[in-house]
Number of protein chains: 2
Amino acid sequence: MYRIVIGLENKMAVVRNTKAQEAVLELLQRSKKTLTADDIINTIDVSVNKTTIYRMLDRFVAAGKVHFVTDTAGKAHYALCTSSCLQSHSLHNHLHFQCKICNQVECLPVKLEVPELENYEVHDMQFLSVGICFKCKQV
Amino acid sequence: MYRIVIGLENKMAVVRNTKAQEAVLELLQRSKKTLTADDIINTIDVSVNKTTIYRMLDRFVAAGKVHFVTDTAGKAHYALCTSSCLQSHSLHNHLHFQCKICNQVECLPVKLEVPELENYEVHDMQFLSVGICFKCKQV
DNA sequence: AAACAAACACAACTTTGTTGCATTTAAAAA
DNA sequence: TTTTTAAATGCAACAAAGTTGTGTTTGTTT
């Protein structure tokens with residue numbers, strides 16, 4: 001219900017390496033497109049509980065390793081942060097694309113310029129475009 | 001589960017005016033910020049079933065009267081379309097702001113420029129910035 | 001090796017939105 | 001005006017996505 005994370009203000013807690021976490025990070029690394037929690041649960045080869053997946057993803061987001069976009073149906077899609085995510089105070093100002101046909105969401109290498117918002121404190125952003133992707137258009 | 005709408009390709013069906021619909025549109029008109037289905041259900045004075053509210057909102061979106069943004073928690077926030085929504089093929093290329101404190105989402109009068117996406121068919125977009133709004137910053 | 005807390009599993013739950021079907025009702029047709 | 005028709009609604013049951021609580025496991029530090 002509360003997928004927002006306050007960044008890295010909360011002191012970096014001690015972190016432990018587990019098989020499950022490594023497996024999830026590897027999945028995200030290998031994936032060209034974003035992954036939903038469900039995608040991960042259905043793809044991962046080690047046995048991991050769904051609650052664990054959700055909490056893990058929250059931790060990754062909090063740590064700035066991963067970012068997510070919510071699609072038009074309200075589902076969260078996760079992707080590893082790249083170097084470009086880290087520019088300008090960890091704001092993810094690149095565009096995402098959600099395909100109505102294959103339902104996948106991908107990060108696009110397109111940065112959007114956002115003017116300063118007077119009197120607002122901007123912590124993060126999600127830019128989503130919706131339509132039909134390259135692959136699905138060809139079919 | 002499927003909040004996307006294919007625009008107006010489906011022939012404009014006969015539309016009927018009902019008290020409920022008028023009431024919802026009036027609520028949206030009066031509201032400075034976007035409203036969730038729940039907001040509407042809790043605010044509206046005439047008795048309307050929640051299913052009706054959801055279907056109604058879908059119809060309004062399909063008709064281009066209303067647009068919505070999904071917040072970081074995956075919840076849909078609806079707003080009346082203004083004249084500015086109708087520019088450039090009914091794409092809603094203005095920015096929205098979600099406040100982490102009051103949890104409200106508002107339309108901002110800020111248009112974002114999006115370059116053409118080669119080989120992609122863009123039907124719509126959702127631009128969301130997240131942080132602390134003007135009012136909540138003052139408290 | 002012992003201690004500690006991060007990470008996990010499991011079950012129950014919440015929230016948001018959907019589906020199917022019967023009923024009502026706005027508006028067109030008779 | 002009355003009849004007809006399908007758009008709009010109501011209701012109940014359901015579904016998907018994510019969360020909470022609690023007890024257990026297990027990395028890491030001491």
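Lettering follows sequence order; numbering is per chain, from 1.
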Side-chain-base donor-acceptor pair under 3.5 Å for B:R16 and D:dA6: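 Such a pair exists between side chain and base.
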Base D:dG10 paired with B:R55 side chain (donor-acceptor, <3.5 Å):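 Donor-acceptor pair under 3.5 Å: yes.
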Picking from [options], which would you name as closest to the side chain of [X]?
| X | options | result |
| --- | --- | --- |
| A:D58 | C:dG17, D:dT22, D:dT19 | D:dT19 |
| B:V48 | C:dA27, D:dG10, C:dT16 | D:dG10 |
| B:Y54 | C:dT16, C:dC8, D:dA7 | C:dT16 |
| A:K75 | D:dA6, D:dG18, C:dA7 | D:dG18 |

May I have the distance from [X] (atom [atom1]) to [N] (atom [atom2]), rounded to whole angstrom?
| X | N | atom1 | atom2 | answer |
| --- | --- | --- | --- | --- |
| B:I53 | C:dT16 | CD1 | P | 15 Å |
| A:M56 | C:dA9 | CE | P | 7 Å |
| B:Y78 | C:dT16 | OH | P | 12 Å |

Roughly how far apart are [X] [atom1] and [Y] [atom2], rounded to 0.5 Å?
| X | Y | atom1 | atom2 | answer |
| --- | --- | --- | --- | --- |
| A:K100 | A:I132 | NZ | CD1 | 6.5 Å |
| B:L128 | A:F127 | CG | CZ | 8.5 Å |
| B:I101 | A:E121 | CD1 | CD | 8.5 Å |
| B:N103 | B:D71 | CG | CG | 7.0 Å |

Audit row: B:T36, B:I40, side chain to side chain contact (heavy atoms under 4.5 Å, CB included) steps and yes/no: CA-CA 6 Å; B:T36 64; B:I40 293 172; over 6 Å; no
Interface residues of residues 19-44 of chain A with DNA chain D (non-hydrogen, below 4.0 angstrom):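 Within residues 19-44 of chain A, no residue comes under 4.0 Å of DNA chain D.
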Please table the atom pairs, donor to acceptor, closer than 3.5 Å between any side-chain atom in residues 59-67 of chain A and protein atoms at least two apart or in another chain.
unit_1	atom_1	unit_2	atom_2	d
A:R59	NH2	A:Q21	OE1	3.0
A:H67	NE2	A:H94	NE2	3.3
A:H67	NE2	A:H96	NE2	3.3

By side-chain contact (heavy atoms from CB on, under 4.5 Å) - contacts of B:N49 (at least two apart):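 Residues passing side-chain contact (heavy atoms from CB on, under 4.5 Å) with B:N49: B:T51, B:T52.
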All side-chain contact (heavy atoms from CB on, under 4.5 Å) counterparts of B:L108, not counting sequence neighbours: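 In terms of side-chain contact (heavy atoms from CB on, under 4.5 Å), with neighbours along the sequence ignored, B:L108 is linked to A:L117, A:Y120, B:L95, B:F97, B:E106, B:V110.
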Pairs meeting criterion side chain to side chain donor-acceptor pair (under 3.5 Å) with involvement of residues 126-139 of chain A, two or more places apart: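 Those involving residues 126-139 of chain A are A:T70-A:Q126.
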side-chain hydrogen bond (donor to acceptor under 3.5 Å, both in side chains) partners of B:E22, counting only residues at least two apart: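 For B:E22, no residue satisfies side-chain hydrogen bond (donor to acceptor under 3.5 Å, both in side chains) once neighbours in sequence are set aside.
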Review item, nucleotides 11-13 of chain C N/O atoms under 3.5 Å of protein N/O:
unit_1	atom_1	unit_2	atom_2	d
C:dA11	N6	A:T51	OG1	3.3

Touch class at under 4.0 angstrom, heavy-atom based, for B:R59 against every strand present: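 Contact class for B:R59: sugar-phosphate only.
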N or O in side chain of A:T18 less than 4.0 angstrom from C:dC8 OP1/OP2: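 The answer is yes; a side-chain N or O of A:T18 sits under 4.0 Å from OP1 or OP2.
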Bend angle of the helix from C:dA1-D:dT30 to C:dA30-D:dT1, end axes from five pairs each (to 10°):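 The helix from C:dA1-D:dT30 to C:dA30-D:dT1 shows an end-to-end axis angle of 30°.
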For B:E26, all residues meeting salt bridge (Lys or Arg N to Asp or Glu O under 4.0 Å), sequence neighbours excluded: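 With sequence neighbours excluded, B:E26 shows a salt bridge (Lys or Arg N to Asp or Glu O under 4.0 Å) to B:R30, given in chain and number order.
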